[in-house]
Amino acid sequence: MTSEVSSSTAARDEAGRPAHWGRVVAWSLWDWAVQPFNTVIITFVFVALYLTSDAFIDPELAALPEGDAAREAALSQVASNLAFGVTIAGVLVALLAPVLGQRADTSGRRKAWLGVSTLAVIACMLGLFFVQADPAYFLLAVALIGIGSVFGEIGGVHYNALLAQVSTRENVGRVSGLGWGLGYLGGIVALVIVVVADGADWWGLDTSNGLAYRLIALGCALWAVAFAWPVFAFVPEAPATGRPKVSLLGSYVRLWRDLRALWHDSRPTLWFLVASAIYRDGLAGVFTFGAIIAARAYHFSDQEVVIFGIAANLVAGLATILAGRVDDWVGPRTLIIWSLAGMILAGFAVAFLHDLGSIVFWVAGLVLCLFVGPVQSASRSLLARVSPRGKEGEIFGLYATTGRAVSFLAPALYGVAIAITGAVIWGVLGIITVVALGLVAMLFVRIDAR
C-alpha cells in the first residue's frame, strides 16, 4: 500500500516527474545482457553439462562404465571441488559487497564500478572459451566461474543502486519488474539459441574437445558486450554523497556505524534484510535443485530439462513484468507475502502429487516459477523505497551479504530431507521449509511511512 513508500524515496523524486522510459529500457537491458552468465553458463549448460562431466576426470576412470563406483566417486569429487570454489566466491561477495557499494555511493561512481564488474564478467566468459575437455583445465574453469560470480554479484549491487536514478516512487515496482523480467527473457533467448544450435548439430562444426560448450561461453560474452552498453550511455550517474573518503579499512568502520544507525533509526529495514535473506535462499534452492528434481524424481531427459528451463524462465519473466504494476498498486511487502504463499502451495503439489507423473511437475513447477520472479523484483523495489538517500549502494551491498550469510539453509534442509526419506522428491520439502521460514519472518516486517 502507499504506506509502504518511505519518505526517503519521496524526497529524491521530483514531484510529478514523468517516467523517462528511454533510461528505464537502457537500465533494464543490463539484466538482459548478463543473465546468460547465470542461466546458460552456471545453471543449465556449461557447468551442468560440461564442467561436471567425465571430460574433467582421469581418462582411465572416464572409460569405466556408468555406475562404476570409482567413476562415480571421481565425478562426485569434481562436483565437490566446484562447490568449494563457488563457496569461496560467496564469502568474497559477503565481505566486499557492502563496502564497495558504500565507496561507490561516497564517490558518485556507481556506473564506473558497474563498468569494471561488467567487463570482468565478460572477460571470465571469454576465458571459458579456452577451457578444453581435459582435467588440466578444470582449475582454470572453476577460477573463472568463481571470479565471474563475484563480479556478477558486485555488479548487481551497483546496478540495483541505480534503480533510484531511473524510477520514481510511483513506478519503482514497474521499473524493477521490467528489469528482472527482461533478465529472465534474455536467459530464455540465449537458451533457445543453444537448443537450436545443438539440434542442428552445430551445422557440421567439429565439436570435439568441448568446442560446442566453449563457443557457448564465447557467445554469452559477445551477448553481454552487445546489450550492456546502453546503461553506461543513457543512465545518469548518482551524485557523490559528500561524505569524506576513507581507506578500505575505514570503510568497514563506517559500515559498522551505519549499521548501528539503521538499528536505531530504521530497524524495519534491517529486519527486512534478514527476512529476505531467508526466503531468497529458498528461491536459490528452487533454481539450484529444480533441474535435479526434474531429472531424478520425475525422470526428465536432458532435453526435457532444458525445455522446462526455457518454459520456466518465460513464465517467470512475463509474470515479473506484469507483477511490477501490482507492486506499485498494493505495495511490495504485500506482493512478496502472497507470492511466497503461492510458492509454498505449488511446492507441496510437486512433492505430494509426484505419483501422478510428469504433468504435475510441468504444472506445479511452472506455477512455482510464476511467483519466483515477482518476489525477487518486489524485494528490490521495497529496498529501493526504504534505502536512505545516498546509501543505496551500501544497502544493496548488505542485501547481497545477508543473502550469502544464510546461503547454507536450502542446501542443508534439502540434503537432510533426502537423507531422512531416502528419496530425492522429498528434498522439495526442505526447500519449501526455507521459503516458509522467510514468509513467517516477513510477516513481522513493518515498513512504515517515515
First locate atom CG of L383, then atom CG of N160, and finally report the distance between them rounded to the nearest 0.5 Å. 8.5 Å
How about R71 and D54: do any of their side-chain heavy atoms sit closer than 4.5 Å? yes
Would you say that I57 contacts F138 through its side chain, given a criterion of any heavy-atom pair below 4.5 Å between the two side chains? no
Ring centers of W426, F352 separated by less than 6.0 Å: yes
Does any N or O in the side chain of R380 come within less than 3.5 Å of the main-chain N or O of S176, such that one atom is a donor and the other an acceptor? yes
To check you understand the geometry: which heavy-atom pair defines the closest contact between V78 and T52, and what is its length? CG1-CA, 3.9 Å
Checking K111 side chain against V235 main chain: does a donor-acceptor pair fall under 3.5 Å? yes
Calculate, to the nearest 0.5 Å, the distance between atoms CG and CD1 belonging to L273 and I395 respectively. 6.5 Å
Are the side chains of L218 and M125 in touch, meaning some heavy atoms are under 4.5 Å apart? no
Please check if the side chain of N313 supplies one atom and the backbone of G309 the other of a donor-acceptor pair under 3.5 Å. yes
Value rounded to 0.5 Å, distance of OG1 in T118 from NE2 in H158: 9.5 Å
Do the ring centers of Y159 and W27 come within less than 6.0 Å of each other? yes
Hey, does V434 have a side-chain heavy atom less than 4.5 Å from the side chain of I431? no
Candidate pair Q35 and Y184, rule side chain to side chain contact (heavy atoms under 4.5 Å, CB included), full reasoning: CA-CA 7 Å; Q35 183 60 31; Y184 278 116; 5.5 Å; no
Determine yes or no for a side-chain-to-main-chain donor-acceptor pair under 3.5 angstrom, with D328 supplying the side chain and R174 the backbone. yes
Quick check on the 6.0 Å ring-centre criterion: do F361 and F308 meet it? yes
How far apart are the closest heavy atoms of Y279 and S379, and which atoms are they? OH-OG, 2.6 Å
Please indicate whether F46 has more than 12 foreign heavy atoms, meaning atoms of other residues, nucleotides or ligands, lying under 6.0 Å from its CZ. yes
Regarding Q102 and Y252, is there a side-chain donor-to-acceptor distance under 3.5 Å anywhere? no
Whether W203 side chain and A200 backbone form a donor-acceptor pair below 3.5 Å: no
Value rounded to 0.5 Å, distance of CG in L345 from CG in L340: 11.5 Å
Cation-pi, F129 ring and R214 (6.0 angstrom, 45 degrees): yes
Does T320 use its side chain to pair, donor to acceptor, with the backbone of G181 at less than 3.5 Å? no
State whether the side chain of N209 and the backbone N or O of L211 hold a donor-acceptor pair below 3.5 Å, judged by distance alone. no
Would you please test Y399 and S276 for side chain to side chain contact (heavy atoms under 4.5 Å, CB included) and show each step? CA-CA 8 Å; Y399 187 67; S276 69; 3.5 Å; yes
Are N171 and V24 side-chain neighbours, meaning at least one heavy-atom pair lies under 4.5 Å? no
Give the intermediate values and the outcome of side chain to side chain contact (heavy atoms under 4.5 Å, CB included) for residues I293 and Y414. CA-CA 11 Å; I293 292 167; Y414 172 83; 4.2 Å; yes
Should V172 and L163 count as side-chain neighbours, where that means a heavy-atom distance under 4.5 Å? yes
Measure the spacing between CG of L75 and CD of E66 and express it to the nearest 0.5 Å. 9.0 Å
As an exercise, state the distance from CG of L191 to CG of L314, rounded to the nearest 0.5 Å. 11.5 Å
With a 4.5 Å cut-off on side-chain heavy atoms, are F272 and I336 touching? yes
Are any of the side-chain heavy atoms of R109 and R103 separated by less than 4.5 Å? no
Over all heavy atoms of both residues, which pair between G430 and A417 is shortest? Give the atoms and the distance, please. N-CB, 4.2 Å
Closest heavy-atom pair and its distance - A221, L126: CB-CD2, 3.6 Å
Atom CG of L139 with >12 non-hydrogen neighbours under 6.0 angstrom: no
Should V194 and V40 be marked as a side chain to side chain contact (heavy atoms under 4.5 Å, CB included) after you check the CA-CA gap, both sets of side-chain angles, and the distance that decides it? CA-CA 9 Å; V194 171; V40 178; 4.2 Å; yes
I'd like to know if the side chain of T39 reaches the main chain of P36, judged simply by a donor and an acceptor atom lying under 3.5 Å from each other, with no hydrogens or angles considered. no
Check whether S381 reaches the backbone of G173 with its side chain - one donor and one acceptor, N or O, closer than 3.5 Å. no
Between Y50 and F56, does the ring centre distance come in under 6.0 Å? yes
Ring centres of W362 and F300 under 6.0 Å apart? yes
Please check this pair: side chain of E237 against backbone of R110, looking for a donor-acceptor N/O pair closer than 3.5 Å. yes
